Trainee: 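Dumping the structure here so I can ask a few things about it.
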Protein chains: 2
Amino acid sequence: MNNYTIMLREHNLKATPQRIAIIDIIDKYGHINIDKLYESIKNKFESISLATIYKNIHTMSENLLLLEVKLPNEKSVYEIVKGKHSHLLCNSCHSIIDIEVDTNMIENSISSKYSFNIDQSDLVLSGRCKNCLT
Amino acid sequence: MNNYTIMLREHNLKATPQRIAIIDIIDKYGHINIDKLYESIKNKFESISLATIYKNIHTMSENLLLLEVKLPNEKSVYEIVKGKHSHLLCNSCHSIIDIEVDTNMIENSISSKYSFNIDQSDLVLSGRCKNCLT
DNA sequence: CTGGGTGCAAAGTATTTGCATGAAC
DNA sequence: GTTCATGCAAATACTTTGCACCCAG
């Protein structure tokens, strides 16, 4: 019984081959959008339907196994839920890097200033990565 | 000659009544998504077409008069380009508040750590606002 | 006038749904 | 065996495009 099977079961989802393949690819890429996921998965899984991908992305997100990351000027990507982190996006090569950013001070200050109960913080920094800087 | 006319001209756009109405509404709401914009604008402008809205949102964004703001679990909203700021989103009443957050330290530290040239920083804090906290 | 904008209808994408079959547990 | 997932096709939603007509400058 592989890791992805365990992950799925822990999130109350049946471990179908399609689902395992989806998680496998997302895990290997780190972040991937629907189109590339579909393209990529068809190598392993010629018969898979796009509807199955959509349904599963949806179910797995509901069950907190996957997270949608919205990006400026790009299609959303999906990642496996892990600890809190932010994203660095290169507008040139479109690579995405997970970064650790301490946003506690910001959250605390805004939270008290506006009497707002913050439970999520989405930060995307974008620009040009090392490799793409001419 | 009203303010919106001036704004449009400054961004090299003809000041049509449709465009003025679009900016007027976005300005009054602060942030609005396409559907609500369309609904809202039809009060002033019964004949306007959704295609006109899409075309103009696109053109005005290209010309840096409007900015699309992507939000977790919500449709994107559009706002008039103004100084750098972040957003507070209430998951309950869906209101959005502009906030001033100093992200310079974060940007500098990430920028040097990854040799990354950051030119944009999108931060959305979400949770429950004052009014929605029971 | 002239260039560009508008509205309509149609085309193109993206995403969701219903349902019969099939697989997980 | 029961429950739920899959794949297909159809439906829906969202966005873009082409074109004839019209208006801003």
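It should be emphasised that the depicted structure is a prediction, and the values quoted were computed from it without experimental measurement. Naming convention: chains lettered A, B, ... in sequence-line order (proteins, then strands); numbering from 1 in each chain.
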Trainee: Rounded to the nearest angstrom, tell me the gap between atom NE2 in A/His58 and atom P in D/dT6.
Mentor: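 The distance from NE2 of A/His58 to P of D/dT6 comes to 15 Å, rounded to the nearest Å.
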
Trainee: Kindly state each residue pair satisfying salt bridge (Lys or Arg N to Asp or Glu O under 4.0 Å) with at least one member in residues 47-68 of chain B, sequence neighbours excluded.
Mentor: none

Trainee: Please examine the side chains of A/Pro72 and A/Leu89, heavy atoms only from C-beta on, and report whether any two atoms are closer than 4.5 Å.
Mentor: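 Side-chain contact under 4.5 Å: yes.
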
Trainee: Whole angstroms only, please: what is the CD1-P distance between B/Ile22 and C/dG5?
Mentor: 12 Å

Trainee: Mind calculating the distance between CE (A/Met60) and P (D/dC4) to the nearest angstrom?
Mentor: 16 Å

Trainee: I'd like to check B/His87 versus B/Leu125 (side-chain heavy atoms, cut-off strictly below 4.5 Å). Are they in contact?
Mentor: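 With C-beta onward as the side chain, the pair stays apart.
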
Trainee: Counting heavy atoms not belonging to B/Lys36, are there more than 12 under 6.0 Å from its NZ?
Mentor: no

Trainee: Counting just side-chain N and O atoms, does A/Gln18 come under 4.0 Å of either OP1 or OP2 of C/dA23?
Mentor: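 Looking at the OP1 and OP2 atoms of C/dA23, neither is under 4.0 Å from any side-chain N or O of A/Gln18.
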
Trainee: Atom OH of residue position A/Tyr29 - does it have more than 12 heavy atoms of other residues, nucleotides or ligands inside 6.0 Å?
Mentor: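 It does not: A/Tyr29 OH has 12 such atoms or fewer within range.
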
Trainee: One thing to verify: whether A/Lys84 and A/Glu107 come together as a salt bridge, which I'm taking to mean a side-chain N less than 4.0 angstrom from a carboxylate O.
Mentor: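 Salt bridge present between A/Glu107 and A/Lys84.
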
Trainee: Under 4.0 Å from any atom of DNA chain C, heavy atoms only: list the residues of residues 62-75 of chain B that qualify, in numerical order.
Mentor: none

Trainee: Roughly how many Å is it from CG in A/Asn56 to C1' in D/dA5, rounded to a whole number?
Mentor: 8 Å

Trainee: Identify all pairs in which a protein N or O lies below 3.5 Å from an N or O of nucleotides 17-23 of chain D, and state each distance.
Mentor:
from, atom 1, to, atom 2, distance (Å)
D/dG18, O6, B/Lys55, NZ, 3.0

Trainee: I need the residues from residues 28-40 of chain B with at least one non-hydrogen atom less than 4.0 Å from DNA chain C; give them sorted by number, or say none.
Mentor: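 Result for residues 28-40 of chain B: none.
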
Trainee: Respond yes when some side-chain nitrogen or oxygen of B/Thr16 is under 4.0 Å from OP1 or OP2 of D/dA24, and no when none is.
Mentor: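 No.
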
Trainee: Could you check how far CZ of A/Phe45 sits from P of C/dG22, rounded to whole Å?
Mentor: 15 Å

Trainee: Are B/Leu88 and B/Val101 connected in a single hydrophobic cluster, I mean Ile/Leu/Val/Met/Phe/Trp/Tyr linked by side-chain heavy atoms less than 4.5 Å apart?
Mentor: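 The answer is yes; both residues are in one hydrophobic cluster.
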
Trainee: Are the side chains of B/Ile20 and B/Thr5 in contact, using a 4.5 Å heavy-atom criterion?
Mentor: yes

Trainee: Is it true that atom CG of A/Asn63 has more than 12 heavy atoms of other residues, nucleotides or ligands lying nearer than 6.0 Å?
Mentor: yes

Trainee: Around atom NE2 of B/His85, are there more than 12 heavy atoms of other residues, nucleotides or ligands at under 6.0 Å?
Mentor: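 Yes, NE2 of B/His85 has more than 12 neighbouring heavy atoms, counting only those of other groups under 6.0 Å.
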
Trainee: Nearest-Å distance, CG (A/Leu13) to C1' (D/dA5)?
Mentor: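 A/Leu13 atom CG is separated from D/dA5 atom C1' by 11 Å.
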
Trainee: To check you understand the geometry: which heavy-atom pair defines the closest contact between A/Ser126 and B/Phe116, and what is its length?
Mentor: C-CE2, 4.1 Å

Trainee: I want to check one thing: is the phosphate of D/dG25, taken as OP1 and OP2, less than 4.0 Å away from some side-chain N or O of B/Arg9?
Mentor: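 Affirmative; the distance criterion is met.
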
Trainee: Please tell me if B/Tyr54 has a side-chain N or O lying less than 4.0 Å from either OP1 or OP2 of D/dT15.
Mentor: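 Looking at the OP1 and OP2 atoms of D/dT15, one of them is under 4.0 Å from a side-chain N or O of B/Tyr54.
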
Trainee: Indicate yes or no: does B/Lys82 engage B/Glu100 in a salt bridge with an N to O separation below 4.0 Å.
Mentor: no

Trainee: How many Å lie between CG on B/Leu50 and P on D/dC14, as a whole number?
Mentor: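 The distance from CG of B/Leu50 to P of D/dC14 comes to 10 Å, rounded to the nearest Å.
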
Trainee: Mind jotting down which residue pairs meet the salt bridge (Lys or Arg N to Asp or Glu O under 4.0 Å) criterion with at least one end in residues 111-132 of chain A? Sequence neighbours excluded, please.
Mentor: none

Trainee: Measuring to OP1 and OP2 of D/dC8, would you say a side-chain N or O of A/Ser49 lies under 4.0 angstrom away?
Mentor: no

Trainee: Would you classify B/Thr59 as touching base, sugar-phosphate or nothing, given that sugar-phosphate means primed atoms plus P, OP1 and OP2, and contacts are heavy atoms under 4.0 Å?
Mentor: nothing

Trainee: Tell me the bend of the helix from C/dC1-D/dG25 to C/dC25-D/dG1 as the angle between end helix axes, each from five pairs, rounded to the nearest 10 degrees.
Mentor: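 Inter-axis angle at the termini of the helix from C/dC1-D/dG25 to C/dC25-D/dG1: 50°.
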
Trainee: Let me know the distance between CD1 of A/Ile57 and C1' of D/dA5, rounded to the nearest Å.
Mentor: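 Rounded to whole Å, this separation is 15 Å.
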
Trainee: Looking at B/Tyr114, I want to see if its OH is surrounded by more than 12 non-hydrogen atoms of other residues, nucleotides or ligands under 6.0 Å.
Mentor: yes

Trainee: When you check the phosphate oxygens OP1 and OP2 of C/dG4, does a side-chain N or O of B/Asn12 lie under 4.0 Å from one of them?
Mentor: no

Trainee: Any idea which heavy atoms bring B/Lys14 and B/Leu8 closest together, and the distance?
Mentor: O-CD1, 4.3 Å

